[in-house]
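Here is the structure we will look at, set down as structure tokens.
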Amino acid sequence: MTETVYAFMYCDCVFESAFATISLHRSKEGAEKAMEAHKAEKKEWHDKRYADEDEEDFIFGEFEEWIVEPIEILD
């Protein structure tokens, strides 16, 4: 019997880094909820950090990536 878990993964720079698993979930919905919370935290930090900068020069998420991937657990 196989079971599937869902990995929420994040890459802070798609050109220079690899994805890191942030959390594992029993449901896709749970992983997506965690992903949206993480993305909201990153957006809040970004907005504070670049508040005085030109928005066209510092686009949120331009080089980042968030994904949910199913992982099959084998016996």
Side-chain angles (χ1 to χ4, degrees):
M1 182 178 122
T2 61
E3 184 178 352
T4 301
V5 296
Y6 297 87
F8 155 46
M9 302 170 76
Y10 170 69
C11 181
D12 64 347
C13 181
V14 295
F15 300 109
E16 296 180 356
S17 298
F19 279 93
T21 300
I22 304 299
S23 57
L24 296 173
H25 302 266
R26 289 191 172 103
S27 70
K28 184 176 181 181
E29 293 79 15
E32 289 172 345
K33 184 177 177 181
M35 180 177 68
E36 292 306 318
H38 185 269
K39 191 181 279 190
E41 287 177 19
K42 290 287 186 180
K43 175 87 167 98
E44 183 178 334
W45 178 89
H46 177 274
D47 290 347
K48 287 179 184 177
R49 168 64 178 86
Y50 299 109
D52 298 329
E53 305 293 336
D54 186 359
E55 287 184 30
E56 291 179 7
D57 293 334
F58 298 96
I59 300 169
F60 172 71
E62 184 174 23
F63 303 116
E64 299 170 274
E65 187 74 34
W66 292 262
I67 61 172
V68 171
E69 287 289 318
I71 298 174
E72 205 172 290
I73 300 173
L74 307 174
D75 287 337

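Because only heavy atoms are used, hydrogens play no part in the values below, and waters and symmetry mates are left out as well, while side chains stay in.
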Item to check | Contacts of Glu62 that satisfy salt bridge (Lys or Arg N to Asp or Glu O under 4.0 Å) - sequence neighbours left out | outcome: none
Item to check | Partners meeting side chain to side chain donor-acceptor pair (under 3.5 Å) with Glu69 (sequence neighbours left out) | outcome: none
Next on the checklist: Would Glu36 and Trp66 count as a side chain to side chain contact (heavy atoms under 4.5 Å, CB included) here? Give the steps.
Outcome noted: CA-CA 9 Å; Glu36 292 306 318; Trp66 292 262; over 6 Å; no
Checklist entry - Looking at Lys48 and Glu44, does any basic side-chain N land under 4.0 Å from a carboxylate oxygen? => result yes
hydrophobic_cluster_shared for [Y] and [X], side chain cutoff 4.5 Å:
X	Y	value
Val68	Val14	no
Ile67	Ile22	no
Leu24	Ile73	yes

Item to check | Check: Gly61 main-chain N/O paired with His46 side-chain donor or acceptor under 3.5 Å | outcome: no
Item to check | Contact list for residues 12-37, test ring pair (Phe, Tyr, Trp, His ring centres under 6.0 Å), sequence neighbours left out | outcome: Phe15-Phe63
Going from [atom1] on [X] to [atom2] on [Y], what distance comes out if it is rounded to the nearest 0.5 angstrom?
X	Y	atom1	atom2	answer
Asp47	Trp45	CG	CH2	10.5 Å
Arg49	Phe60	CZ	CZ	14.5 Å
Ser17	Glu65	OG	CD	12.5 Å

Item to check | Option passing side-chain contact (heavy atoms from CB on, under 4.5 Å) with Ser23 (candidates Phe8, Tyr10, Tyr6) | outcome: Phe8
Checklist entry - For Lys28, does the NZ atom sit with more than 12 other heavy atoms under 6.0 Å from it, leaving out its own atoms? => result no
